[in-house]
Each structure stands twice: as C-alpha cells, then as structure tokens.
Amino acid sequence: MTPDEIHARVVDQYTQHVNPYLAKLMNFAGFGVEIRAQGCLLIDHEGREYLDFLGGYGVFSFGHSHPVIVDAVRRQLDEMALSGKVFFNPRLAELAERLTRIAPRGLEYVFFSNSGAEAVEAALKFAKGATGRSKIISTEGSYHGKTLGALSTTGREKYRKPFEPLMPGAEFVPFGCFDSMTRAVDGQTAAVIIEPIQGEGGIHVAPEGYLTLIRELCDRHGALMIADEVQTGLGRTGKLFGCDLEGVKPDLMTLAKALGGGIMPIGATLGTAAVWEKIYSVNPLAHTSTFGGNPLACAAAIAALEVLEADCLADRAEQIGEMLKSRLQQVQAMHPDLVTEVRGRGLMLGVEFAMDEVGELAIAQMTKRGLVAAYTLNNPRVIRFEPPLILEEEQLEQAIQIFDEALTEVEDILAALV
Ligand SMILES: *Cc1c(COP(=O)(O)O)cnc(C)c1O
C-alpha cells in the first residue's frame, strides 16, 4: 500500500468503526498515521519524523521505546505475561516496595490498576470508605478522568453535564483560591482531590502554600488529601512528585501515565496504613482489578523507576525545563501580540495565546513543520509542551526554531485576514 492508501484506509476505518466525529476533526487538522516511535521522535506513514513535544500528555517521560524498559518487558514476556491471580506476584511486590520507598513519607501501600481514571476511582472509593463521608472537594478546570466516579470530580461541565446525575457529593472551588478552599472543607468532607499542577486545565501551577493549606484543612477536619499525580508524578515537574514542590504528604496519591515507562499501561493508588486498615482489614478483597499489577506492566514500571533514578531524570527535567521555559519566553518576546504567557514547572510547560484561534493555527503550522504539541483539553488557548525528560538540547533548539517560524506564519495569516 502507498502512504496515501494507508492513511485513507485508517481514516475510513475510524469513520466506519471507531468515531466518525473524531475522525473528521483529526483529518481536518491534517494528522497522519503513527507507525513507529523512538526517543523523542514520532514517525508517520510517510516516514516523516516529528519531534514529540506532547509526550502522550505525560506518558513518554522516558521517550518512546526506551531500550532498557523494552528489554525488561521482553524478558518478563518470556517468563509470564499475566498473573495467575492465585499465587503471590513477585513483580507486583517489588514494584510496590520501590514506589513506597520514593513516595512522600506515610504512603506505605499500593493498589495497582491499568489507567489514570482507575487509579482515581480507587482513591475516591478508599476516601469514602475510610472516612464514612461522601463530600469530595475538587477544583474548577481539573482533570481526573472520564469514568463515572473520576468524571464526577473532573472540573469541566462540558464533560459532566450529559451524564448527570453522577456520584453525589462532589463540589468544585476555583483552583488556587485559598478562601474558597477554606470555606469548602468541613466535617462532612471525605477528601480534597488536587493536581499539584493542573494539566488539562491549562498548565496552572498551584500558588505557593496552596497544597500546604489543603493538608492543614484536611487534618483539621478529618478529611483525606488525594494528590492526583497521574501527570505530575515521576519527575515531570523537576521533582519526583508534584507534592514535593511544597514537601506535602498526601493520604492518597495516584500515578499512571509515565509509570509504565511509555511501554505498558499501568495505574497505581498509594495510601497510608490508616486508610488500608479501614478498607482491607474487614475484607481483603474490598477493591481488586484482574489486570492491575500484571507482571508485564510491573516489569516495565520497575525498569522505568530504575532509569528515572540512574539518569537523574527529575533533575534533568528541572534543568532542561528552565532552559525550555526561557527559550519559550524569548519567542514570546518576538510575538508579543500572539503570546500572553509562558508558565509551568520542569517539563510541564504551557504557552497561552491571546485568542483561541491562534492556538489552533499554531498547532497546524507546527505539525506541518515537524513539531507535535497539543492544546489542553479544558483550555484551547493554551498549548502544552511536555517533551520526554530525556530531551536533548539540540532537539530543544530545533523545536524553538519551528515554534518561532510557526508563529511568524500565523501572524502572516492573521494579517492577510484584515
Ligand atoms: C490523564 C489524567 C487522568 C486520567 O488518566 P487516564 O489514563 O486517561 O484514565 C487523571 N488525572 C490526571 C491528572 C490526568 O492527567
């Protein structure tokens, strides 16, 4: 098949059997078919290479097809892939030990699942079960997943409204507002669920002291603090965990995206001994998952944690993130009418535009030139840059040049319109 035929066939299959409305959007945006990926590069059906500066919304912290992680999964595949579910699973045990060793103190136990939403579902269920309360405080613009429970706490009406009534008890406060949070948490509150940096909301960093305030409010009212680190976890922000930005220790913490090393899907919910006792002492099978913690996924995650530590990727995210941020700010200075702000921490950066349409145009121009990024689901004015933490300086410079050229072309297009 020619590249054009491959593209046409996949678009047709999407249209006939996956999601015709999404297919139309993607086709309109000019997206190709992904065939291979290596390191920071995506390769499409025409053999064209793209710098991946979206990184699968945080999945590819270790880049694509990291050889050490691929090798660990291959070796595990030769032994056994999925758990028989009756005997002890040694990979699951080892991963749990390793995760709790690097997690904020107090998080001693781990429940494994297969995705971010599942990790959030477990955290919400544990919080309700452990406190006997049902009120959950979340924030506007937050993203915690799209399964019914997680969706109930996702701070965007557009995704919730068509499916109401959802899980009762969820309430939303503006992200970063100390007063609203203080008023919301009370003796009925089971948990506050919070992203240390809102990803889909448009890359909003919690203002200094916000996470500490939430910790104090939860302590005062006997509520639990859930840190949703599905995107911020494992070095992305320049710290191992987003909570480490303030040294805050949550009662429950969710991980997924980067945890599988960009090779396998896996989710994890970490919790304290107090929570585990409440949930599991009465019924050791109170919450389970057939595929959660399977040997293949755990082998990938164990190898990923080894690479994270051996290559000091959190420090690297901090250093190269600073560099990327200042280079993006230089591009902003050259296009002051288009770009209003560059923000974020580590390699979780957002560029905000003056108008929604600019984001769309810029993405199209960037893709055309071989640079992949995307706007945030909840905020089309913001483009996110979340490249692999293994990003090389040379690739960074290449991306900056493309971004600058793309914005220049956007200016030309807009000028032609008036
Ligand atoms: C992506 C994400 C989720 C949902 O993860 P899925 O694997 O897509 O279900 C939940 N919380 C945060 C913070 C996320 O970024």
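Numbering of ligands and ligand atoms starts at 1, following listing order. Along the sequence shown, residues carry numbers from 1. These numbers were taken from a predicted model, which means no experiment stands behind them.
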Novice: So, using side chain to side chain donor-acceptor pair (under 3.5 Å) as the criterion, who are the partners of Gln330 when residues are at least two apart?
Specialist: Arg327
Novice: Measuring from atom CZ of Arg75 to atom CG of Leu296, what distance do you get when rounded to the nearest 0.5 angstrom?
Specialist: 12.5 Å
Novice: Is the shortest distance from a Lys or Arg side-chain nitrogen in Glu79 or Arg91 to a carboxylate oxygen in the other one below 4.0 Å?
Specialist: yes
Novice: Hey, what do you get for CD1 (Ile266) to CG (Asn294), rounding to the nearest 0.5 Å?
Specialist: 7.0 Å
Novice: Give the protein residues with at least one non-hydrogen atom closer than 4.0 Å to an atom of ligand 1, ordered by chain and number.
Specialist: Ser115, Gly116, Ala117, Tyr143, His144, Gly145, Glu195, Asp228, Val230, Gln231, Lys257
Novice: Taking the six-membered ring of Tyr50, is NZ or CZ of Arg369 closer than 6.0 Å to its centre and within 45° of its axis?
Specialist: no
Novice: Nearest 0.5 Å please: distance from the CE atom of Met366 over to the CG atom of Leu54.
Specialist: 9.5 Å
